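Below is one structure, written out as structure tokens, with a few remarks after it.
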Amino acid sequence: MPTEPLLTAESLHLSFGATTALDSASVQVHAGEILALMGPSGSGKSTLLHCLAGILHPDLGRVTYAGRDLTAMHDDERSALRRTEFGFVFQFGQLVPELTCLENVALPLRLGGAPRRAALRSAAAWLERLEVSDVAGKRPGQASGGQGQRVAVARALVTRPRVVFADEPTGALDTLNGERVMQLFVAAARETGAAVVLVTHEPRVAAYSDHEAVVRDGRVRAREHVR
Amino acid sequence: MTVAHTLLGLLEAGPRHGYDLKRSYDERFGHDRPLHYGQVYSTLARLLKNGLVEVEAEPGAGPERKKYAITDAGVSDVAGWLAVPEKPEPYLQSTLYTKVVLALLTGYDANDVLDTQRSEHLRLMRELTRRRDGGDLADQLVCDHALFHLEADLRWLELTAARMQQLAAQVRA
Amino acid sequence: MRRISELALGIRLSVGGGRSGWVRLALIAVGVGLGVTMLLVAASIPTVLDARTERADARSVTWDQQLTPGEPTMLTQEVKSSFRDAPVVGLLLQPEHDDAPLPPGVPRQLEPGDLVVSPALGDLLASDNGAALRDRWGDRVVGTIGDEGLTGPDELRFYLGTDQLTAGSEYVDRIQSFGGADGSSAGLGPVLLLLALVGMVVLLLPVAIFISTAVRFGSENRDRRLAALRLVGADVGMTRRIAAGETLAGAAGGLAVGTLLFLAIGRLAAYAVPAELSFYPEDLRPAPVLAALTVVLVPATTVLVTLSALKQVLVEPLGVVRRGSERRRRFWWRLVVPVVGLALLTPLIDGLDTSPGSQVMVVAGLILVLVGVALILPWLVEATVHRLNGCSVAWDLAVRRLQLDSGTAVRSVSGIAVSVAGLIAMQGLVATIGELSPWSQADTSTFQATVLDIDPEADSAETWERELSRAEGVTRVGLLTSMWARPTPATAGQPASSDETLIDIGTCEVLAQEAQLDSCDDGDAFVVAPDGTTTPASGSVYLLGTGQDTRWTLPASAEVVGPAPGTVGSMGGMSARIMVTPGALGGIDVEPEGMTVYVALDPAVLDAADHMRTAAAQVDPAAYESPIAPERTTLILGNVQSALLVGTVALLVLIGASMLVNVIEQLRERRQLLAVLVAFGTRRRTLGASVLFQVAIPVVLGLAIAVVTGSVLALALQAAVDAPLAFDWLTVGVTSGAAALMVLLTTAAGLPLLWHLTRPGGLRSE
């Protein structure tokens, strides 16, 4: 008996001007699963991720999260959802350069209204878990790329989200650093029970997923449900 | 002949019984294809005939109690094998290649071939990833090797599919 | 040769950088241009003053002119009046020949009663505002004074034909030509000149700061471009020269923009200054030396600023490394300048004396303290920002940003602080100098104005009383009649003392204006003795009047009193005089030598003073009206101050513009980061608030420092002269208001871009 999916996209259409980014894309994400969204550049996989996360609003179609219709929500409501239920990791340029790594990790908690000290405490614990405690007091510019991505992963998980959206999280890293980030990321996500939507064009990164969905020309082509 | 060279290399660490040799081979290199006993003994017999190994017989023992040791000729043979580069060959899985070409020729969607194949590749890659992340250094190296090759296959497939689409678009235009 | 070509490459790069290159160039050009405009205006002030002096001299009347017999002559008398606070000066003209000289700008001889007025005075007479001025000198306006006869377009001046002048009178001049070395023309006194100097420093220092800020507009982009050049093989020297070339292009644009703006503003500025300082737009030409200095120094400064800014970064082939951020600013040497300034101000502790030397010291001290403010600020801002710790995320983002790069913030702050501190200190200076003018202590509770009739006739007293009482807004009139008294021996045979004494006759109320009276009844007599004068002995006998021999004895009951504060007597240099109530003269009636009419005005009546002046001028055009506590000096100071206030507000706008550019540049640079922040649920409100804080923190810091420094200076100055301590609420209020508005506008102007950058599509890479 398959469980209800946590996050569902149904026939999403979205175009930017004359360019069609999504053309009837549907996908399901179950609680705690790691789903890789694959496909060539420009296929619409990042756009699909943005729609699933409630960042972009599709022209047509529906995104449902835990029974709630994301597409019918007000922007503020979706922002609040992203603050509390979702986490994000991007390729690069996501850390605030003038805050220390520790403060960067604490940022989502503080945006959610947590007191400064408590937020910094949890942030420190997460940095330790991702083995980057040594850069806690440094600014992102002073940390290496791999350390920066681990800080970003810590920041995505610090709110204990139910879904983490990762867009090419290892895209700017070399293989060894990339593998390490993925190992720590996947392990932490499994431990906290977070589902992961992972956009990548690298099969080796996709191999960390439970399933993959291939996006081509704005459509989700294949969805394997084989364990 | 790589199995022969591998066994010789393993013997460099010290004399072994045939059974030990098979076990170490399987541990390090034979995850996908374990050696048969017969293969081990026939290879060792050939090496013995060529004077690359010698037998340190233990009294009153059957063939499985024979201990093999590498000879000086065997050591230099391994050294020579390691020093000579492998002939670079395009790493193509001939069946996959054949399938894609056939799909194109018959008008079948190459993307479907790709997607089916990717799914299968990824299944294996997941398994390798799991095994690697749980294994020791040797496991990691072997799995990485396989993963990179599988990834290369997939990339080649993706590129081919994209090329074909371009080509088809050109043909249609 | 190679260096020139590198400079040229820089210029080409600045122009060829696509749209953003042009925007940067335009920003620098506008920024530098605004600075250049202010410099050119400042450079034009000498020319304007010269032109005014020249015209004022050309129409001046010399009292001791050597007359050539047979040449046609003219009798003239100067009339000094005013309308509201603005002086109105005129000449009574009585030609003694048809070919008598004509003042410049007046085309023909005037008949008695003919009035020729300056255009501004003509407009005033014709307007509703000028109702109280109408008919002051008759209503027969027969012409307008030409520009060549006026110092500026807003000058209020007139010529009135008359036949009432008598040659030989002390106040009437007979002349054969107008003009000649005068010296007393409308030049600024040394105190005002010094004040103007402070004003210039207060305004020009921030302009310099602003220009140096403008040159750095978009410099991060420039640095990246230079890094790209390093990658293809340019060395450090070449990048410097290329950057210098770029800056030169901007500076040249700035000079062009500045010149155009100057030409445009020149037309407006002529109408923006107070009427008595007005000038003709065509007189607003920069003095050649100063203009040349501007043209040379501005580009040179911009290049120097660029090079020193480049020293703060390492332009490497692979990117730009900021050097300065970890280096804290050192404090001690910044203290030297303000400490020297404070040392110069120390004489204030013992009170200020009026010698020019101490005034120079005070002004120099002020300038040094203000420059010191600009020097200490960067350190102070850095130190403060590093200690700020917030609670909200927006606050944290802003503070951290400022900690990482306080340079821009510091420059903005210095600009604001120096001008605002200067303004507030100015208020102290105004109070101080106002206090130095003893008139300000005069008692204005009973009477507020006087009319001096220097040539009264027998029936003048009645005429004045009648005519002035009739004027609108005049509630009471009091007369002080003066006559000379020659001492005479009480009994024959004793020698009479030779000194003549002035006897003033008036009611108790009027006498109280001149002397400190404890009690007074009709019949009393007083001897007013300023410090250090010998008082006439009681019982002395005087001969009153010029022709008659009326004897009068100073009664023994005459009390010796001091002069009232704020009167001529209190200022020293006067000998003792006798003041009597009418009863004390015992009915003696002599023709007065002079007459002062004290007038009480109803403050509720609009232009009461001017109605009274008009009534007075109708009795005698030459009668000299003055308020009891004239505010002329403080008035001009007030003008300087309001000009500074306007300048400061303008400066705030400039600073706001530069901060806006900074904010926009920074937002553009981090578009991706902003999109990410929004992605993980940051409210736009939070981001907007962080922009607001980022702009507001430096401005608030700057204002606070400025208010403290300025107020301390002002209070010190006021305390030094025992003036009542007054906090300059106006300046603080206006500048704080303008600053708050500026912060809000800057933020508001940055918000659309912020919204645009954080809209849902923002995460898509370019």
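Side chains included, hydrogens not; waters and symmetry mates left out as well; all remaining heavy atoms used. Predicted model, so just to flag it, every value in this text is computed and none were measured.
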How are the rings of Phe90(A) and Phe88(A) set relative to one another: parallel (under 30°), tilted (30 to 60°) or perpendicular (over 60°)?
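Phe90(A) vs Phe88(A) ring planes: parallel.
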
State the OG1-CG distance between Thr64(A) and Asp69(A), to the nearest 0.5 angstrom.
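The OG1 atom of Thr64(A) sits 5.5 Å away from the CG atom of Asp69(A).
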
Can you tell which part of Thr682(C) gets under 4.5 Å to a heavy atom of chain A, answering side chain, backbone, both or neither?
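Both the backbone and the side chain of Thr682(C) come within 4.5 Å of chain A.
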
Chain A contact via Leu674(C) - side chain, backbone, both or neither, heavy atoms under 4.5 Å:
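Neither part.
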
Counting N and O atoms only, with roles assigned by atom type, does the side chain of Asp217(A) sit under 3.5 Å from a partner on the main chain of Arg219(A), one being a donor and the other an acceptor?
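A pair under 3.5 Å: no.
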
Would you mind telling me which of Arg155(A), Arg82(A), Gln94(A), Glu98(A) has the largest number of heavy-atom pairs within less than 4.5 Å of chain C?
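Top option by heavy-atom pairs under 4.5 Å: Glu98(A).
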
Out of Pro58(A), Ser24(A), Cys51(A), which one pairs with His13(A) under the side-chain contact (heavy atoms from CB on, under 4.5 Å) rule?
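Result for side-chain contact (heavy atoms from CB on, under 4.5 Å) with His13(A): Ser24(A).
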
Non-hydrogen atoms of chain C under 4.5 Å away: do they reach the side chain of Glu103(A), the backbone, both or neither?
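For Glu103(A), the side chain is the part near chain C, not the backbone.
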
Is chain C contacted by the side chain of Leu81(A), its backbone, both, or neither, given a heavy-atom distance below 4.5 Å?
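Neither part; nothing is under 4.5 Å.
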
For Trp755(C), does the six-membered ring have the charged nitrogen or CZ of Arg684(C) within the cation-pi criterion, i.e. under 6.0 angstrom from the centroid and within 45° of the normal?
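Yes.
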
